[in-house]
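Structure in structure tokens, see below.
Numbered from 1 within each chain, the chains take letters A, B, ... in sequence-line order. The shown structure was predicted, so the numbers you read here are calculated from the model rather than taken from an experiment. Side chains are part of it too, since the values below use all heavy atoms of this structure and drop only hydrogens, waters and symmetry mates.
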Amino acid sequence: MGYWLLKSEPDVFGIDHLKGRHDQTEPWDGVRNYQARNMLRDQMRVGDLAFLYHSSCTVPGIVGIVQVVREGYPDASQFDPDAKYFDPKSSPASPRWYRVDVRYKRHMKRPLPLAELRTYASGPLADLPLLRKGNRLSVMPVTPEQWEFILALENR
DNA sequence: GCCAACGTTGGC
DNA sequence: GCCAACGTTGGC
């Protein structure tokens with residue numbers, strides 16, 4: 001099973017909103033970055049777990065856990081001229097952008113602020129892409145070791 | 001609001 | 001293929 005971290009602004013895709021949805025499931029769409037696209041399309045599997053991270057807010061950090069319930073399929077918003085994420089260079093015959101569906105699992109027992117995660121940037125979380133300078137990926141892999149370490153932070 | 005970092009675009 | 005310009009991200 002794979003582990004991931006999904007980053008979004010809480011106003012755009014927030015954990016409380018997801019929890020309140022029917023089926024507590026939503027497409028993770030609007031990703032327009034090729035590196036992230038490749039992971040959505042090729043690597044994420046049903047059953048994989050992901051930390052949900054809130055960015056561009058008062059306290060950026062990991063707020064909960066979601067599960068992949070549908071594997072990569074074309075992101076419909078790219079074909080809609082009225083959609084924010086419309087891409088005129090894409091076509092249904094050869095879609096450029098993909099999305100997965102994720103389901104709410106749970107909130108963290110407490111939010112894990114970026115500032116706290118950073119204190120382990122030279123230790124157990126040294127290779128976590130989130131902590132690398134200038135990181136802008138909205139989808140990134142997490143190793144099993146990193147996953148377990150971050151989970152354990154909940155109880156501190 | 002500022003600014004550093006990054007990805008993308010487009011002229012050549 | 002290079003690289004400057006530009007737009008976006010995201011922490012602070």
Roughly, in whole Å, what's the span from OH in Tyr85(A) to C1' in dT9(C)?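 From Tyr85(A) OH to dT9(C) C1': 12 Å.
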
Any side-chain N or O of Lys7(A) below 4.0 angstrom from OP1/OP2 of dG10(C)?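 Looking at the OP1 and OP2 atoms of dG10(C), one of them is under 4.0 Å from a side-chain N or O of Lys7(A).
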
Which pairs pass ring-ring contact (aromatic ring centres under 6.0 Å, His included) with one or both residues in residues 122-156 of chain A, sequence neighbours excluded?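 Counting only pairs at least two positions apart or across chains, the ring-ring contact (aromatic ring centres under 6.0 Å, His included) contacts touching residues 122-156 of chain A are Tyr3(A)-Trp147(A), Phe51(A)-Trp147(A), Tyr120(A)-Phe149(A).
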
Nearest listed nucleotide, side chain of Arg118(A), among dA5(B), dG10(C), dG11(C):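 Side chain of Arg118(A) sits closest to dG11(C).
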
Please give, in whole Å, the distance from dT9(C) P to Arg132(A) CZ?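 Roughly 20 Å, once rounded to whole Å.
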
Any side-chain N or O of Lys133(A) below 4.0 angstrom from OP1/OP2 of dT9(C)?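 No.
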
Taking the side chain as everything from C-beta on, heavy atoms only, tell me whether Val66(A) gets closer than 4.5 Å to Arg103(A).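 Not touching, per the 4.5 Å side-chain cut-off.
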
Can you sort out which residues in residues 51-61 of chain A have a heavy atom within less than 4.0 Å of DNA chain C? Ascending by number, please.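 The answer is Tyr53(A), Ser55(A), Ser56(A), Pro60(A).
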
So if I take every side-chain heavy atom of Asn33(A) and compare against dT9(B), dA4(B), dG7(B), which nucleotide ends up nearest?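 So the side chain of Asn33(A) is nearest to dG7(B).
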
Could you check how far CG of Leu5(A) sits from P of dG10(C), rounded to whole Å?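 Rounded to whole Å, this separation is 11 Å.
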
Whole-Å gap separating C1' (dC12(C)) and CG (Asn135(A)):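 After rounding, the gap between these two atoms is 16 Å.
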
What's the CG-C1' distance between Leu117(A) and dG10(C), to the nearest Å?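 So the CG-C1' distance, Leu117(A) to dG10(C), works out to 15 Å.
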
Residues which pass side chain to side chain contact (heavy atoms under 4.5 Å, CB included) with Val59(A), listed by chain and number, not counting sequence neighbours: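 By the side chain to side chain contact (heavy atoms under 4.5 Å, CB included) rule, Val59(A) matches Pro113(A).
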
Let's see if you can work this out: which of dC12(C), dT8(B), dA4(B) has an atom nearest to the side-chain heavy atoms of Leu114(A)?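 Nucleotide nearest to Leu114(A)'s side chain: dC12(C).
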
Among Trp4(A), Phe13(A), Trp97(A), Tyr98(A), find the residue that satisfies the ring-ring contact (aromatic ring centres under 6.0 Å, His included) test when tested with Trp28(A).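 The option that passes is Phe13(A).
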
Does any N or O in the side chain of Ser90(A) come within less than 3.5 Å of the main-chain N or O of Asp87(A), such that one atom is a donor and the other an acceptor?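 The answer is no, because no donor-acceptor pair under 3.5 Å joins these two groups.
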
How long is the line joining NZ of Lys89(A) and P of dG7(B), in whole Å?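 Distance check: Lys89(A) NZ to dG7(B) P gives 17 Å.
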
Mind checking whether Glu26(A) and His17(A) have side chains closer than 4.5 Å, heavy atoms only?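 Yes, side chains in contact.
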
Calculate the interatomic distance between Lys84(A) atom NZ and dT9(C) atom C1'; express it in whole Å.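 Nearest whole value for this atom pair: 12 Å.
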
Whole angstrom is fine here: how far is it from CG in Leu131(A) over to P in dC12(C)?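 These atoms are roughly 11 Å apart.
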
Assigning hydrophobic clusters by single linkage (Ile, Leu, Val, Met, Phe, Trp, Tyr; side-chain heavy-atom cutoff under 4.5 Å), is Met44(A) placed with Met1(A)?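 Yes; tracing contacts between hydrophobic side chains, which count when under 4.5 Å, links both residues.
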
